[in-house]
**Q** 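Sharing a structure here in structure tokens format.
Predicted model, so just to flag it, every value in this text is computed and none were measured. Only heavy atoms go into these numbers, but all of them, side chains included; no hydrogens, no water, no symmetry mates.
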Amino acid sequence: MRMLGIDPGLACTGWGIVEKQGHALIHLGHGQIRTSTSEADHRRLHLIFENITAVCDEFAPHSASIESVFMAKNAKSALKLGMARGAAMAACAHKGLILNEIAPRLAKKAVTGTGSADKKQMQAMVAHLLGVNPTGADAADALGLAIAGIHDAANGLLLDERSARHGQGLAKAIADALARDDRKGR
């Protein structure tokens, strides 16, 4: 299995490709997609889309794992993160990949054994597991997401297209939140 991991961000989106061969994890590539704040957002998003598409063309992953939605510092940060996630997710859909959303704590736990690992711990464990020193925290996190995605696939936790259409991920989180509000009479 060959997995693309994506750590989205409008300023910098990390990506990493990991392949499982038997019991071994093999590093195939990683990088960062940097965008300039002097560019319009739609151009930055297009750059993320095009680069993720190019990574898919070069490495032909079977599936992808992306960091799931989490609470950002403020609404503007959340919106920009959501836009970057959307561009990366659209690129994966464009290439026909099954996309698995993984919570940051679960990715950390899959890679380091603890969900509260810091960036340095993640980088060190990714380097240990793959025998590479990833350039940049975003690329290291993306490689960690690829490793976590492979772990999920081995445990039968990867979504297929049918289950993804039936309310997984962001759509399910929104529906659950709305249902809670309805139960509370809001």
**Q** Any heavy-atom pair between the side chains of M89 and E101 that's under 4.5 Å?
**A** yes

**Q** According to the side-chain hydrogen bond (donor to acceptor under 3.5 Å, both in side chains) rule, which pairs have a member within residues 118-131, sequence neighbours left out?
**A**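 Pairs touching residues 118-131 that pass the test: K119-D141.
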
**Q** Going only through I, L, V, M, F, W and Y residues with side-chain contacts under 4.5 Å, is there a path from L25 to L145?
**A** no

**Q** Find out if a path of hydrophobic residues (ILVMFWY) with successive side-chain heavy-atom gaps under 4.5 Å connects M122 to I102.
**A**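 They do not share one cluster, since no chain of ILVMFWY contacts under 4.5 Å joins M122 to I102.
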
**Q** Hey, are E67 and R85 close enough for a salt bridge, meaning a charged N less than 4.0 Å from a carboxylate O?
**A** no

**Q** Measuring from atom CG of L45 to atom CD of E50, what distance do you get when rounded to the nearest 0.5 angstrom?
**A** 12.0 Å

**Q** Would you mind reporting whether I17 and M3 have side-chain heavy atoms less than 4.5 Å apart?
**A** no

**Q** Just verifying a value: how many Å separate I48 CD1 and T13 OG1, rounded to the nearest 0.5 Å?
**A** 3.5 Å

**Q** Atom CD1 of I66 and atom CD1 of I52: how far apart are they, to the nearest 0.5 Å?
**A**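 These two atoms lie 7.5 Å from each other.
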
**Q** For a side chain to side chain contact (heavy atoms under 4.5 Å, CB included) check, start with the C-alpha distance between F59 and E19, then their side-chain angles and the critical distance, and finish with the verdict.
**A** CA-CA 10 Å; F59 294 100; E19 185 169 74; over 6 Å; no

**Q** How close do A103 and S68 get, counting heavy atoms only, and between which atoms?
**A** CA-OG, 3.1 Å

**Q** Within a strict 4.5 Å, meaning less than it, do heavy atoms of the P8 and L81 side chains meet?
**A** yes

**Q** Evaluate the side-chain proximity of H62 to L97: yes if any heavy-atom separation is below 4.5 Å, no if none is.
**A**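 They are not in contact (no side-chain heavy atoms under 4.5 Å apart), so the answer is no.
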
**Q** Assess whether atom NZ of K95 is packed by more than 12 heavy atoms of other residues, nucleotides or ligands within 6.0 Å.
**A**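 Yes, the 6.0 Å shell around NZ holds more than 12 heavy atoms from other groups.
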
**Q** Please check this pair: side chain of R44 against backbone of S36, looking for a donor-acceptor N/O pair closer than 3.5 Å.
**A** yes

**Q** Once you round to the nearest 0.5 Å, how far does OG1 of T35 lie from CG of D41?
**A**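 If I round to the nearest 0.5 Å, the distance is 8.5 Å.
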
**Q** So if I apply the side-chain contact (heavy atoms from CB on, under 4.5 Å) rule between H27 and each of V18, L143, L129, I147, which one comes out positive?
**A**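 Considering V18, L143, L129, I147, a side-chain contact (heavy atoms from CB on, under 4.5 Å) with H27 is found only for L143.
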
**Q** For A60 and R2, which heavy atoms make the closest approach, and how far apart are they?
**A**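 That would be O-CD, 3.7 Å.
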
**Q** Check each of S65, C56, S63 against L4 using the side-chain contact (heavy atoms from CB on, under 4.5 Å) test, and report the only one that passes.
**A** C56

**Q** Mind listing the closest non-hydrogen atom pair of G29 and W15 along with its distance?
**A** C-CZ3, 3.6 Å

**Q** If you measure only the distance, is there a donor-acceptor pair under 3.5 Å linking the side chains of S116 and T114?
**A**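 Present: a donor and an acceptor within the cut-off.
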
**Q** Do L106 and V111 land in one hydrophobic cluster if side-chain heavy atoms of ILVMFWY residues count as linked below 4.5 Å?
**A** no

**Q** Please round to the nearest 0.5 Å and tell me the distance separating atom NE2 of H94 and atom CZ of F49.
**A** 4.5 Å

**Q** Quick check for you: to the nearest 0.5 Å, what is the distance between I150 atom CD1 and I26 atom CD1?
**A**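 Nearest 0.5 Å value for the CD1-CD1 distance: 9.5 Å.
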
**Q** Check whether any side-chain N or O of H30 sits under 3.5 Å from a backbone N or O of T135 as a donor-acceptor pair, and report yes or no.
**A**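 Yes.
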
**Q** What is the minimum heavy-atom distance between A117 and T112, and which atoms define it?
**A**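 Of all heavy-atom pairs spanning A117 and T112, the closest is CB-OG1, 3.4 Å.
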
